[in-house]
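Single-structure report; data block below.
The chain is numbered in sequence order, starting from 1.
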Amino acid sequence: MVTLTAEKRTTVISASRRTDIPAFHTGWFLEQIRKGKTSYTNPFGGTLHTVSLKPEDVHSIVFWSRDYSRLLPHLGELEEKGFCFYFHFTITGHPVTFDRNVINVNEAINQFRTISRRYSPNHVHWRFDPLIISDISDAGYLIERFAELARELKGYTKRCYTSFVQYYGKVKRNLKRLEEETGIHCYDLPVDEKIAIAGKISRIAADNGMKLLSCCCDYLIGGLIEKAHCIDGDLLRELFPERSLTGKVIPTRKGCGCFSSRDIGTYDTCSHGCLYCYANANPMN
């Protein structure tokens with residue numbers, strides 16, 4: 001194991017909100033790690049940014065994925081280089097109409113358990129996210145699905161992150177196209193109905209040893225539901241107390257509670273085909 005001084009490790013790497021790096025770009029990611037740096041483009045201004053991936057510069061890596069099968073064999077290599085990390089793992093069980101190319105739920109659960117056993121339930125976080133209400137996934141469906149998955153993940157995680165789908169312009173276009181092609185309509189419910197659904201889910205989460213956190217839906221916060229910090233500075237300090245961490249919460253969008261990080265990867269490069277995804281403009285193609 002490489003021994004490094006804590007003072008130099010300043011950057012939290014997010015891998016990634018822009019695309020599913022573990023599922024589709026593990027090879028690219030490992031190449032960047034071996035190079036010791038990577039570049040990414042600001043989608044709003046086109047500015048090219050370069051960030052160090054040298055172990056002495058990286059405090060930790062936060063992974064986001066729906067499929068860790070390609071990354072799992074390489075975790076040992078990353079550990080040997082001196083990297084620390086935790087994992088967001090999205091498992092929804094949504095109808096295939098919305099999640100067109102995701103792995104089987106049982107396979108995802110097995111991967112989740114594998115990561116939890118290797119590290120701890122504090123290192124891997126379940127994302128039942130987003131909640132989408134439609135003709136084929138009403139409130140009852142979502143609550144039942146959540147309960148089934150919570151029972152399977154009980155003891156393997158302590159946190160579940162959720163939110164209702166955000167109807168950004170690209171999402172509206174994709175869902176409108178879905179309705180034109182299939183007749184399936186999606187609904188943006190009134191806030192009080194969303195709060196009621198989330199309340200039921202939070203009680204199920206609590207019954208299974210998890211706390212529910214709301215991501216970018218602050219109107220849900222209260223009772224058993226806490227505000228999400230998906231990149232969580234306090235958690236990073238708890239998991240890796242030997243590493244000094246400076247910085248502050250820097251939201252990436254309205255309602256975001258994320259700690260400062262550098263998000264690598266490229267938009268429109270994920271092949272899961274989720275119709276509600278804000279990171280892919282044309283997932284139906």
Side-chain angles (χ1 to χ4, degrees), residues 1-43 47-90 103 108 111-112 114-120 122-125 127 229-233 235-247 250 252 258-272 279-280:
M1 178 70 71
V2 179
T3 302
L4 304 168
T5 58
E7 289 73 15
K8 291 189 66 178
R9 293 176 170 139
T10 58
T11 305
V12 177
I13 299 296
S14 170
S16 161
R17 303 181 192 89
R18 298 166 176 246
T19 187
D20 193 327
I21 288 175
F24 301 112
H25 308 290
T26 286
W28 170 86
F29 174 74
L30 294 173
E31 180 182 350
Q32 307 307 295
I33 289 289
R34 291 160 190 155
K35 285 167 52 179
K37 64 180 179 179
T38 193
S39 299
Y40 61 91
T41 302
N42 185 321
T47 305
L48 186 67
H49 299 272
T50 299
V51 58
S52 173
L53 294 179
K54 294 178 180 178
E56 61 265 31
D57 294 327
V58 175
H59 176 276
S60 51
I61 303 171
V62 177
F63 289 112
W64 314 62
S65 188
R66 303 190 70 140
D67 179 4
Y68 282 96
S69 60
R70 294 175 177 85
L71 182 64
L72 282 171
H74 301 283
L75 293 178
E77 175 185 343
L78 295 174
E79 292 169 3
E80 285 297 317
K81 290 180 181 294
F83 291 105
C84 292
F85 26 78
Y86 73 73
F87 308 82
H88 284 287
F89 203 138
T90 299
I103 62 173
Q111 289 183 26
F112 194 108
T114 296
I115 296 170
S116 180
R117 292 188 189 106
R118 178 166 182 149
Y119 299 102
S120 82
N122 270 327
H123 284 78
V124 55
H125 312 303
R127 301 192 72 88
H229 303 274
C230 302
I231 296 182
D232 190 326
L235 177 62
L236 289 168
R237 293 184 184 97
E238 176 187 338
L239 292 176
F240 316 119
E242 73 284 359
R243 300 186 172 208
S244 175
L245 182 63
T246 59
I250 300 181
T252 61
C258 279
F259 188 82
S260 173
S261 67
R262 302 291 291 273
D263 210 51
I264 64 174
T266 304
Y267 288 106
D268 294 313
T269 61
C270 179
S271 299
H272 285 312
N280 256 15

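- Looking at Tyr86 and Leu236, their side chains come closer than 4.5 Å, going by heavy atoms from C-beta outward.
- A side-chain N or O of Tyr40 and one of Arg262 form a donor-acceptor pair less than 3.5 Å apart.
- The two residues Gly233 and Leu245 have their closest heavy-atom pair at O-CD2, 3.7 Å.
- Under the rule for a ring-ring contact (aromatic ring centres under 6.0 Å, His included), the partners of Phe63 that lie at least two apart in sequence or sit in another chain are Phe29, Phe85, Phe87.
- Residues His88 and Ser65 form no side-chain contact, since every pair of their non-hydrogen atoms from C-beta on lies 4.5 Å or further apart.
- Contact check for Tyr68 versus Thr114: no side-chain heavy atoms found under the 4.5 Å cut-off.
- Across every non-hydrogen atom of Trp64 and Cys230, the tightest pair is CH2-CB, 3.5 Å.
- Looking only at side-chain heavy atoms (C-beta outward), His59 and Thr10 stay at 4.5 Å or farther from each other.
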**Message:** Pair Lys35, Leu53 - check side chain to side chain contact (heavy atoms under 4.5 Å, CB included), show working.
**Reply:** CA-CA 8 Å; Lys35 285 167 52 179; Leu53 294 179; over 6 Å; no
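- Shown here for Leu72 and Arg118, the closest heavy-atom pair between the two residues is O-NH1, 4.4 Å.
- Checking Ile264, Asn42, Asp263 one by one against His49, the side chain to side chain contact (heavy atoms under 4.5 Å, CB included) holds for a single residue, Asn42.
- Neither side chain, Asp57 nor Thr11, offers a donor N or O lying under 3.5 Å from an acceptor on the other.
- Using a 4.5 Å heavy-atom threshold, the side chains of Val51 and Lys37 count as separate.
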**Request:** Given side chain to side chain contact (heavy atoms under 4.5 Å, CB included), test Ile115 with Phe89 step by step and report yes or no.
**Result:** CA-CA 10 Å; Ile115 296 170; Phe89 203 138; 4.2 Å; yes
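- The OG1 atom of Thr38 lies 9.0 Å from the CD atom of Glu31; values are rounded to the nearest 0.5 Å.
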**Request:** Apply side chain to side chain contact (heavy atoms under 4.5 Å, CB included) to Asp67 and Gln111, showing your working.
**Result:** CA-CA 8 Å; Asp67 179 4; Gln111 289 183 26; 3.0 Å; yes
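- Here the shortest heavy-atom pairing between Cys258 and Arg17 reads SG-NH2, 3.4 Å.
- Between Ser260 and Val12, the closest heavy-atom pair is O-CB, 3.8 Å.
- Rounding to the nearest 0.5 Å gives a distance of 10.0 Å between CZ of Arg18 and OG1 of Thr269.
- Take His229 and apply the side-chain hydrogen bond (donor to acceptor under 3.5 Å, both in side chains) test, not counting sequence neighbours, and it matches no residue.
- Expressed to the nearest 0.5 Å, how far OG1 of Thr19 lies from OH of Tyr267 amounts to 10.5 Å.
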**Request:** Start with the C-alpha gap between Leu239 and Tyr119, add the side-chain angles, then the distance that decides, and say whether side chain to side chain contact (heavy atoms under 4.5 Å, CB included) holds.
**Result:** CA-CA 10 Å; Leu239 292 176; Tyr119 299 102; over 6 Å; no
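- For the atom pair CD (Gln32) and CD1 (Ile21), the distance works out to 9.0 Å, reported to the nearest 0.5 Å.
- A salt bridge is defined here as a Lys NZ or Arg NE, NH1 or NH2 lying under 4.0 Å from an Asp or Glu carboxylate O, and Arg237 with Glu242 fails to meet this definition.
- Here the NE2 atom belonging to His74 is positioned 12.0 Å from the CD1 atom belonging to Ile33, to the nearest 0.5 angstrom.
- Listed here is the closest heavy atom pair of Leu48 and Thr41: CD1-OG1, 3.7 Å.
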